[in-house]
Amino acid sequence: METMTSRERVMAALRREPVDRTPLVNPTSLATVELMDLVDAPFPEANRVPEVMARLASTGHTELGFDSIMPVFSIIQESSAIGCKIQWEQKDNWPTVKMTEPIYESPDDIPNFDGWLEHPDAQCVLEAIKILRAQFPDVAIIGKTMGPWSLAYHTFGVERFLLLSLDDEAATRKVLEKLKRLTIEYGVAQAEAGADAITLPDHATGDLVSGEYYKRYLQDMHHEFAEEIPIPIILHICGRTVDRMAYIAATGMAAFHYDSKNEPDESMEAVGGKISLVGNVNNPTTLYAKGAEDVKQEVQKNLEAGVQMVGPECAIPLQTPIESLRAIREAVVEFHGLN
Ligand SMILES: [Zn+2]
């Protein structure tokens, strides 16, 4: 029997406390074209108009049975607010930063960012969180603030920033130090708007950056985020990350959103009970292309390993069928014998 509200369940799982059943949590986007059509909330409006953003986000709870609602479908809200050029796209594509037109070349180009939170693309998320908080008092509302490593990709271009990180440690640190203000300010503002927890994507991705790089450049800064942002943080890094999970677990962040390139068992072992795990259900193959039975098997593997929250590994493809997403809940209900 269910004895907790969705919100209580998610908050307990983030603290690794007992729950009545494993919560379904989406630290990243659950938006699909089907869901956009269902509630008349298409991209690009759902990325720019607070009411539309909130309406699309709420389908994760109302249609798919997730215990969380996460309204930030893209990774570009802050980057737009500080002046990056954005390709806004239509409902079949996420908006992206135009990487061919980076806005900074050296750390000295980075300004103070005074007043950046007033930009409509920054405000949109804050307003959407306020709407959702009022409408869903018993559901966990999750925000999103981009980490400085990701913001550096957007503002310098991926290649230029990765080269800098190999060539010039001092300059790299200067970039991260300057950009981290955005991460902290947006996190604090979303907490004040009513978010219960916040996803912090910082794309020191498995295939681009080594575990030692994570330790050198990001571990201390992530610890600082856990101190400065007053709600639980869910770190998101794609790819194979077992080599840095012990470092991540030591930051004081609440959870790590992990990729299907890592097995649930080895990941639980790597974090040693110091951080909760969420994610792992494969997007491009399983959720997008396979059927409900394969989805259930992956969820079950997580439940058997004792992973604290289940959900997709990353933002799901926009063409993912609703039936595959509903299978996540079915697997949890079956595992806990709740039918
Ligand atoms: Zn990802």
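In listed order, ligands and their atoms are each counted from 1. Quick note: residue numbers are just sequence positions, from 1. What you see is a predicted model, and the numbers here were worked out from it, not measured in a lab. Hydrogens, waters and symmetry mates play no part in the numbers below; they use all other heavy atoms, side chains included.
Under the 4.5 Å side-chain contact rule for hydrophobic residues, Phe335 and Met309 share a cluster.
Judged purely by distance below 3.5 Å, without hydrogens or angles, the side chains of Asp202 and Tyr217 never pair a donor atom with an acceptor atom. Side-chain contact of Thr251 with His222: a donor-acceptor pair under 3.5 Å is absent, judged by distance alone.
For the Zn ion (ligand 1), the set of protein N/O/S atoms nearer than 2.8 Å consists of His236 NE2, Cys238 SG, Cys314 SG, ordered by chain and number.
Residue pairs meeting the salt bridge (Lys or Arg N to Asp or Glu O under 4.0 Å) criterion with at least one member in residues 1-13, sequence neighbours excluded: Glu2-Arg9, Glu2-Arg21, Glu2-Arg329, Arg7-Asp196, Arg9-Asp20, Arg9-Asp67.
Side chain of Gln77 to backbone of Asp121: a donor-acceptor contact under 3.5 angstrom is found.
Taking the six-membered ring for Trp and thresholds of 30 and 60 degrees, Tyr153 and Trp149 have ring planes more than 60 degrees apart, a perpendicular arrangement.
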